[in-house]
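Before any comments, here is the structure.
Only this structure's heavy atoms are used, side chains among them; waters, hydrogens and symmetry mates stay out.
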Amino acid sequence: MTSLNEPAPDTSGLGSPDAPDAELGALAAARIAVDALLDGGVLHVVVSPGSRSAPMAYALAEASAAGRVDLLVRIDERAAGFTALGLALSSGSPAAVLTTSGTAVGNLMPAVMEANHAAVPLIVLSADRPDELRGTGANQTTVQPDLFGEQVRFAADVPAGSNPERAIQTGLFAATGAFPDLPPGPVQLNLAFRDPLVPAPGDRLPDAVDRQRYRVGAEPLVMNLPPAPDTLPERRTVVLAGHDAGPVAEAFARAHNLPLLAEPSSNSRFGPNAVGPYRLLLDHFRAGSAQPIKRVVLFGRPTLSRPVAALLASADVESALYQPVPVAWYEPGRRTELPLENLADLAEFAGRGALDWLDTWLLAGSAAQHALDQVVSAEAAANGPSVAALVWKHSRGQLLLGSSNGIRDVDLAGLPAADPAATVYANRGLAGIDGTISTATGIALGGRQQTTVLLGDVTFLHDAGGLLLGAGEEQPDLRIVVLNDSGGAIFSLLEHGGVEEGGRYGDAVERLFGTPHSVDIAALAAAYGVGHSQVSTTAGLAEALDRPVQGRSIVEVRTDRRSLRQLHARIKDAVSAAVEAVLAGQ
């Protein structure tokens, strides 16, 4: 990853006009820093408490009282980092997180790594000791400059007493993708402060002013493109929409009469050309079949399934990647797709689909969806695919899909609608399960819309601390749907499930991968003051999802993962039979 890691510009002469060489006090430097951040478009700052970061905290408190910034407080730095990540995702603006020195900064690494690979403008404000205390064994002092290495676009170490404005402006440029050939992403501004760290005796907060908040227009988007000209050749091309592809993928597929295979977090999974359980169809259109896929047009980042990875790796299939701007998720030259910067070149590559090509896919997709629905609905208890289908159908406003099985279940069972109903998010930069509740909280607060998050119990427990909101902190309208099968179900669907069935490793797979637990989620919710309800059937879940999203609530769906591998096998067999019947009649 390209990085602008470098020392901050020499700002020692940027003090007051009357005394250019005078050292800035900690509060004076912090106020300059806050002004630069807010002037650069930062709308939200998440603060974790600490002493060395106190000058920034006081300056932010002054700005908050004046109605200039939304200030959030989280005691856990990891939760703070992911909250800021969510705020940046839904607001479309850079969001900052402030920590004190020492291990506090290191706790931001997971959020920074996700922001790096997902191109999210996350501003890390790490407070530090002045130079004379570094390397002396002073309390909470470590090597913080460049702590995040290649994970950030820019890193600056701002000495105590110097003016931070230029370093912050450069950091904001880097974070928002203003530099050529550099995608947006996280930056670190390491701000050293020297005592005194508290306001002067005569300082005080300004009179409180109500912040003029506005909601970013984050409604699901639909766009249109002109129909492909008849002069384009007919080709067996499919449009593959990976994470963050956007509505252009749907518009391109529709304009070119091509089947659309869209992951849930693509924000392209809708419209007349979208095929639902597409990953179970790919084997029927492989090389050597009656109608093999010849070309793939890729929008966004594909992350979810091995069939898709196999399709893109096939020597029999040509593929192109629509890449109008630099992206953060791969290094140039490391993928096989042909990168194309404009839609005209992409159209020449894709061609247009013959009517029978699209019709075949849509008929096969409809048959596959019907077969899948029959298998799933035959189950008396709720299961991953049935829960995912309902959450997908009922969600409005904003939807966050947790990594692991949740997003894959939606990809399998979520029926594409005629028009998008919710803006969909997912932490697919590194697809970690950490920080999901905190990310959802940030998304809800930043987008100022009702938000639903679907996640598994292990993902939920991994960030249970994200439920903690201090007294007086703003409560989001957030519904948390937890698919609780008392452990990590995804591993049963991978090779590990076969190892477990073979019995050669005793209970090792269950203990090391299944990670069984007996946590009482209702008690945990009560401890954090969050509403809780429990269901075990799809009817109960549908009733819960029909309720309005007001404040925070947890809907716990109890399921059994012991039969999940067999369920997916039945789904695959039923879909295969249905699709083969359709193709045989073509």
Over-ring placement of R153 relative to F179, 6.0 Å and 45° cut-offs: no
Single hit among L311, L583, V238, V317 for side-chain contact (heavy atoms from CB on, under 4.5 Å) with F285: L583
Reference residue D411; test side-chain contact (heavy atoms from CB on, under 4.5 Å); the match among L261, L304, L401: L304
Any side-chain donor near an acceptor of the partner, [X] and [Y], under 3.5 Å:
{"X": "T303", "Y": "R428", "value": "yes"}
{"X": "D477", "Y": "Q450", "value": "no"}
{"X": "T436", "Y": "D463", "value": "no"}
{"X": "Q398", "Y": "T451", "value": "yes"}
{"X": "Y278", "Y": "E263", "value": "no"}

Aromatic ring pairing W357/W361, orientation class (parallel under 30°, perpendicular over 60°, tilted between): perpendicular
Greater than 12 external heavy atoms within 6.0 Å of E341's CD: no
Check against side-chain hydrogen bond (donor to acceptor under 3.5 Å, both in side chains), Q323 and Y330: CA-CA 12 Å; Q323 187 182 312; Y330 82 98; 2.5 Å; yes
Donor-acceptor contact below 3.5 Å, side chain T459 vs main chain G402: no
D573/R570 salt bridge by N-O under 4.0 Å criterion: no
